Each structure stands twice: as C-alpha cells, then as structure tokens.
J.: 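Dumping the structure here so I can ask a few things about it.
A note on names: the letters A, B, ... follow the listed sequences, proteins ahead of strands, and every chain is numbered from 1. In this text the structure is predicted, and so the values were computed from the model without any measurement.
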Protein chains: 2
Amino acid sequence: MGSIQPQGEPFIEADGVRVDARDVEALRGVDEYGSMYRAAEELGRSYARIQRRVSELEETFGPLLTRQRGGTGGGGSTLTANARDLLGRFDRLRAEFSGLARTEESVFSGTLVDRDGLLGTVETPAGTIRAIVAGAGSEGDATAEAGDDTESPDDTNEIVQVSVRSDAVVLTTPEEAPKPSETSVRNRFAGTVESVESEGGIARVTVDVGVDAPLRALLTETSRETLALEPGETVVASFKATAARGVLAPEHGGSVGSESAEVDTTEKGTSEDTTGNDTSEE
Amino acid sequence: MGSIQPQGEPFIEADGVRVDARDVEALRGVDEYGSMYRAAEELGRSYARIQRRVSELEETFGPLLTRQRGGTGGGGSTLTANARDLLGRFDRLRAEFSGLARTEESVFSGTLVDRDGLLGTVETPAGTIRAIVAGAGSEGDATAEAGDDTESPDDTNEIVQVSVRSDAVVLTTPEEAPKPSETSVRNRFAGTVESVESEGGIARVTVDVGVDAPLRALLTETSRETLALEPGETVVASFKATAARGVLAPEHGGSVGSESAEVDTTEKGTSEDTTGNDTSEE
DNA sequence: AGTCGTTGTATCTATATTGATGCAACGACG
DNA sequence: CGTCGTTGCATCAATATAGATACAACGACT
C-alpha cells in the first residue's frame with residue numbers, strides 16, 4: 001500500500017466535449033441490456049442523466065443510439081456503428097494507458113544541443129540522445145497550461161530530461177547489432193545487464209550504460225532466454241528517437257538555485273517512497 | 001475544427017489521492033511567486049482552496065512546502081525536494097501523454113490462440129503477433145470498470161484487437177533485418193512502403209503488409225533518408241511484443257450480431273470523421 | 001382499444017467542489 | 001514595539017454535477 005502511481009484518465013475529445021469512462025460504461029450498458037432505461041437500472045444510475053448525456057454527446061459525435069419508442073417490449077435502443085467505433089477506440093486507448101502505468105521509464109538529463117522541428121538532440125552523460133522534445137519549439141500543443149511563459153524561440157542549451165519507456169527499448173547481442181544505416185533506430189547504448197526479474201512471461205531487465213542509473217527494458221521472457229540475458233552479459237540497448245520524449249526542465253523561478261540532476265531513474269508503478277531523492281542537496 | 005482526439009488527463013495517485021494538472025499548476029505557482037498567497041492571486045484562484053489542497057496532498061505525499069509565517073515580507077513558502085520530484089514526474093508523464101495523443105496506432109484484429117501470463121499470441125490476417133493482452137488473464141488491474149463480467153479463466157479463441165503505436169515500429173532494410181534470435185523484437189512483417197509524409201523532422205510512413213489497412217510507423221526524417229524509404233520500396237517492419245497491446249473485443253450483448261472487423265486502422269489525433277469507417281458495413 | 005416498457009422532458013433535490021471572506025497567529029525588521 | 005504580508009483555519013456562498021421523481025408520447029402487440 002502507498003505506492004505512487006502515475007496514471008491517466010483516458011478520454012476522447014471533440015469540440016471540447018469529452019467521452020470518459022463513465023460515458024463508455026453507460027453506452028456499453030445500453031448495448032448489453034438493450035435500453036437506456038434498463039442500463040440505468042442495472043448500473044445503479046439515473047435514467048435521466050444517461051439520457052441527457054447521450055443526447056449531449058450525440059450533438060458532437062453524431063448518432064450513437066438508434067432509439068425505438070413504443071413497440072414490443074416498449075422499445076429500446078441499440079448502438080450505432082459510430083458508437084461501436086467510439087467504444088473500440090476507447091478500449092484501445094485505455095489499454096495503452098494501463099500499459100503505460102505498468103511501464104517503467106528511464107530518464108536521462110542533459111542539455112539540448114540541437115533542434116530541428118520536433119526533433120531534438122540531447123547531450124547526456126550516457127551519450128547523445130535524439131528525442132522528440134515538446135514545448136517552445138514549433139507547434140502550439142494542448143499541453144500548454146496557464147502560466148507558461150517559456151517563449152524562447154531558441155531553446156538550445158536548455159536542460160532537458162529525456163524519458164524512454166522500457167517497452168520501447170530493444171536489446172540486441174553486441175555482435176549482431178545492426179548498424180544505424182540499416183534501421184530506423186537512432187539511439188544506441190552499449191552496456192552490461194545489471195539485473196533481471198521475470199514475471200508472467202515478461203522480463204524486466206536493467207542495463208548499466210555507464211551512468212549511475214540504469215536503462216530499463218521490458219522484454220518477453222522468451223526473448224530474454226533467446227538472447228541469454230543474464231547479469232553480467234554485454235548487450236546493446238537501442239530505442240527510436242520518436243519513442244523518446246524530452247521535457248524542458250522548468251527553471252525554478254523563486255528560491256532554490258540548484259537541482260538539475262545529472263541522471264536519475266524513476267520507477268513507475270513500483271516505487272513507494274519519494275522523499276529521499278538524492279537529487280538536490282541543500 | 002471538430003477533430004476527434006483521444007487523450008488522457010495525467011495524474012499521479014497514491015492511496016486514492018490524486019495530484020492532477022491543477023495541483024501541479026498551483027505548486028509551480030508557489031515556486032514561481034514564493035508564497036501560496038501570491039500564487040493564488042496570480043493564478044486567479046482562491047488562497048483558501050490552495051492552502052487546504054496542499055495540506056491535503058501532504059498527508060499522503062509527504063511535505064511539499066516549507067512554510068514560513070512571519071518574517072521579512074511576511075513569510076512565504078518554498079518547494080521541498082519532494083515536491084520538485086513530483087513536478088518532474090508529472091512533466092514527464094504529461095509529455096508521454098501528449099506524445100501519445102499525437103501518435104497514430106495501427107490496429108489488427110485476430111484471435112487469441114495462446115496465452116502465457118500477460119503475453120498473448122494473436123493470429124491475424126497479417127500474421128502472428130505477440131502482444132501484452134490485458135484483462136481476464138492474470139492480474140486484477142485498475143482498468144476494471146463496473147459491469148465487466150468477462151470472467152473466462154481461459155480466453156483463447158477470443159477475438160482480440162492488437163494495437164501498436166507508430167512510434168514503436170522499427171523499419172529495417174530487408175537485407176539487413178536482424179534475425180529474431182539476435183534481438184528482443186518478436187514481431188516482424190515484410191511489406192512495401194505505401195506513403196510517406198514528412199513534417200518538422202518527423203516522417204510518417206505507412207507500410208502495406210498485405211492486409212487492407214497499412215501499418216504506420218513514425219520515424220525521424222533522417223532515418224527515412226538513410227533507409228531511402230520511398231513509396232514502393234520494400235521494408236521489414238518490426239515491433240516488440242511488450243509494445244503491442246491486445247484488447248479483448250467485448251461481444252455485443254444485445255442486438256447486432258455482426259461487426260468483428262478483420263483489420264482496421266484508426267488514426268489518432270488527425271482523423272476528423274468517424275462515421276465512415278469502412279469496417280462494419282450496414 | 002387497452003397494455004406495456006420504453007423514450008423524452010422538466011423540475012426539484014442532494015452532494016461535491018470551489019471561491020469568498022474574515023480573523024487570529026506569526027516573526028523578522030525597522 | 002508596532003508594521004507587514006504571510007500562514008492557518010473556519011464559515012458561508014456560488015457553482016457544477018448527479019440522482020429522484022413525475023408525466024406525456026409512442027407504437028407493436030394482444
């Protein structure tokens with residue numbers, strides 16, 4: 001108990017109207033029980049609310065239910081193909097998210113030395129990393145919150161934290177590692193396997209790449225066996241630039257002047273104690 | 001206008017308490033303006049609310065602010081290292097999410113023929129895919145919503161939709177494609193480049209893998225050039241099993257008995273019209 | 001023509017969240 | 001020792017969201 005969990009509430013938005021988990025639950029209820037009325041009953045929610053909500057959603061997402069009022073059994077409602085499509089999207093989105101929560105990330109801190117559109121080159125203690133760097137650069141994205149005043153047209157030399165999801169890290173045997181000219185993988189690190197733990201057919205491998213925090217990779221147990229990955233083995237870890245995300249480290253406006261860690265790794269979904277982060281001392 | 005956007009509201013949770021974008025905004029305000037009071041003022045929010053909220057969060061996340069009451073200037077508050085760590089996590093999470101929204105996914109529908117813990121083998125028209133399949137299988141995860149009654153201990157032969165994010169797809173030249181014994185990449189498809197569009201240093205490539213909907217890949221423009229990817233070229237597209245997510249397709253309880261698409265590709269973040277999905281006709 | 005279980009509204013209430021306001025306590029500083 | 005702009009806390013009001021209830025309209029079926 002008490003574990004810190006980065007997560008996300010999935011939703012599908014159009015024109016400022018959001019379809020969230022609750023809406024999906026309702027629609028699925030209608031599909032299952034044949035009418036909004038019964039769905040409301042079974043789900044323990046008010047019919048009025050569901051009815052209003054569906055109508056509201058239909059204004060922006062198009063027809064979701066085919067209603068029939070009267071008739072045998074009094075009528076009922078069935079989902080349109082449109083609605084099914086929406087449900088499918090939501091399910092996949094949710095799967096993506098739950099996976100994201102389960103996936104650890106490795107983060108490297110470095111300085112942005114070059115930028116071309118969304119693509120940035122970050123110099124880190126572990127080597128050069130190419131990543132998609134959000135912010136200032138080009139497009140105005142939905143990330144922009146209130147109070148952001150980083151408007152620097154050129155953000156090179158800024159401190160950037162690059163994070164890579166462990167499920168995006170590919171491990172290869174050193175001998176057979178393909179040259180960059182042959183794949184679309186731009187980031188490569190040589191290292192040695194530090195630890196391996198397996199569970200449910202999935203193996204978590206940490207790779208020492210020369211800096212204090214390891215690079216984490218998520219593999220199938222099958223792959224781990226095939227590659228004969230054991231602690232001490234040498235491997236090449238690589239990941240695509242488009243799978244790595246860089247975040248401009250916001251400089252603290254006010255008081256403390258230090259921080260700016262070199263490298264640190266943050267576990268997602270497994271960590272439990274945040275307090276003792278040896279990052280910024282006094 | 002009117003584009004459908006799958007998204008997610010990031011948050012960090014512990015013990016049922018969530019730190020959301022609003023909280024982060026407030027904390028960042030304190031960092032910037034030096035006190036909760038001024039932060040509230042500048043952000044146009046009530047001081048009382050922020051004060052209560054911070055105290056509330058501190059109960060589960062540990063000390064976030066170092067308060068000083070009285071003293072020169074009346075006092076003020078500064079962030080603890082703990083709080084900075086939290087902000088950092090949130091930023092990276094948000095970056096992950098905004099990236100997710102921008103990333104297209106390719107989805108293949110098939111039947112689950114085998115399962116080992118989280119890992120499933122799915123037979124699709126395009127070939128066999130190994131993916132992490134959520135649900136029923138093993139662990140009770142946070143995804144479970146009300147009304148889920150898929151309790152089948154064995155869900156083989158169920159219909160599954162496998163989705164792969166385009167930033168997880170690696171493209172290689174056919175000659176040099178590494179054998180599966182040498183990498184941790186389990187899913188490979190041979191195909192031909194269908195279309196290429198480039199923007200901001202990032203290229204979106206669609207690969208025809210023999211089924212009607214293409215596999216999408218996101219590359220750096222540099223990679224695209226290096227691999228000389230142009231429409232018509234043959235390539236090998238591969239992705240890790242741990243980067244592919246499978247979702248059990250919920251069978252519609254009630255009425256329509258068809259649907260169950262073979263393969264369809266859903267664009268994330270760029271699509272604008274949902275209605276005309278040529279998946280299930282009439 | 002009556003029955004039945006819906007849909008479609010409208011109105012009222014309950015609850016949760018947030019803002020607004022007031023006020024005592026604080027403590028370095030002049 | 002008073003000033004000042006905070007923190008800490010309590011209380012009330014405003015707002016948003018969801019449930020509760022009521023009732024007319026509907027239309028295939030008996």
J.: Choose from dG8(D), dG8(C), dG19(D) the nucleotide whose nearest atom is closest to any side-chain atom of Tyr47(A).
T.: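 Shortest atom-to-atom distance from the side chain points to dG8(C).
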J.: Specify the separation, in whole Å, of atom CG of Leu64(B) and atom P of dT7(D).
T.: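 After rounding, the reported distance stands at 14 Å.
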J.: Distance check needed: dC9(D) P versus Glu56(B) CD, whole Å only.
T.: 13 Å
J.: Which nucleotide, dA28(C), dA28(D), dT7(C), lies nearest any side-chain atom of Gln68(B)?
T.: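 Nucleotide nearest to Gln68(B)'s side chain: dA28(C).
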J.: Are any of Arg67(A)'s side-chain N or O atoms less than 4.0 Å away from OP1 or OP2 of dG5(C)?
T.: no
J.: Using only side-chain N and O atoms of Thr72(A), determine if any of them is under 4.0 Å from OP1 or OP2 of dC4(C).
T.: no
J.: Among dG8(D), dG19(D), dT7(C), which is the nearest nucleotide to the side chain of Ser46(A)?
T.: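 In terms of side-chain proximity for Ser46(A), the closest of dG8(D), dG19(D), dT7(C) is dG19(D).
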J.: Rounded to the nearest 0.5 Å, what separates atom CD in Glu41(A) from atom CD1 in Ile50(A)?
T.: 11.0 Å
J.: Can you check the Glu41(B) CD to dA20(C) C1' distance for me, whole Å?
T.: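 Atom CD in Glu41(B) sits about 14 Å away from atom C1' in dA20(C).
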J.: Can a salt bridge be assigned to the pair Arg18(A) and Glu9(A) using a cut-off of 4.0 Å between side-chain N and carboxylate O?
T.: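 Not counted as a salt bridge, because no side-chain N and carboxylate O are separated by less than 4.0 Å.
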J.: Classify the nucleic acid contact of Arg52(B) as base, sugar-phosphate or nothing, counting any heavy atom under 4.0 Å across all strands shown.
T.: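 Arg52(B): base contact, heavy atoms under 4.0 Å.
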J.: Which comes earlier along DNA chain D counting from the 5' end, the contact point of Gly70(B) or that of Arg49(A), where each point is its nearest nucleotide?
T.: Gly70(B)
J.: Take atom CZ of Arg18(B) and atom C1' of dT17(C), then tell me their distance rounded to the nearest Å.
T.: 15 Å
J.: Checking only heavy atoms, does the side chain of Tyr37(A) share a donor-acceptor pair with the base of dG8(C) at less than 3.5 Å?
T.: no
J.: Quick one: which of dA20(C), dG19(D), dT6(D) gets closest to the side chain of Arg22(A)?
T.: dG19(D)
J.: Does a side-chain N-to-carboxylate-O contact under 4.0 Å join Arg165(B) and Asp167(A)?
T.: no
J.: Compare side-chain N and O positions of Ser35(A) against OP1 and OP2 of dG5(C) and report whether any pair is under 4.0 Å apart.
T.: no
J.: If you measure from CD on Glu105(B) to CD on Gln161(B), what distance do you get to the nearest 0.5 Å?
T.: 9.5 Å
J.: Could you check Ser55(B) against Gly74(B) and say which one's nearest nucleotide on DNA chain D is further toward the 5' end?
T.: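 The answer here is Gly74(B).
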J.: Could you say whether Gly71(A) or Ala48(A) is positioned toward the 5' end of DNA chain C, judged by the nucleotide with the nearest heavy atom to each?
T.: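 The residue mapped nearer the 5' terminus is Gly71(A).
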J.: Arg53(A) has an atom CZ; how far is it from atom P of dG19(D), in whole Å?
T.: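 That distance rounds to 12 Å.
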J.: Do Ser55(A) and Glu59(A) meet the criterion of a side-chain donor-acceptor pair at a distance under 3.5 Å?
T.: no
J.: Please give, in whole Å, the distance from dC9(D) C1' to Ile50(B) CD1?
T.: 16 Å
J.: Roughly how many Å is it from CD in Gln51(B) to P in dC23(C), rounded to a whole number?
T.: 18 Å
J.: Take the protein atom CE of Met36(B) and the nucleotide atom P of dT7(D), then report the distance between them rounded to whole Å.
T.: 6 Å
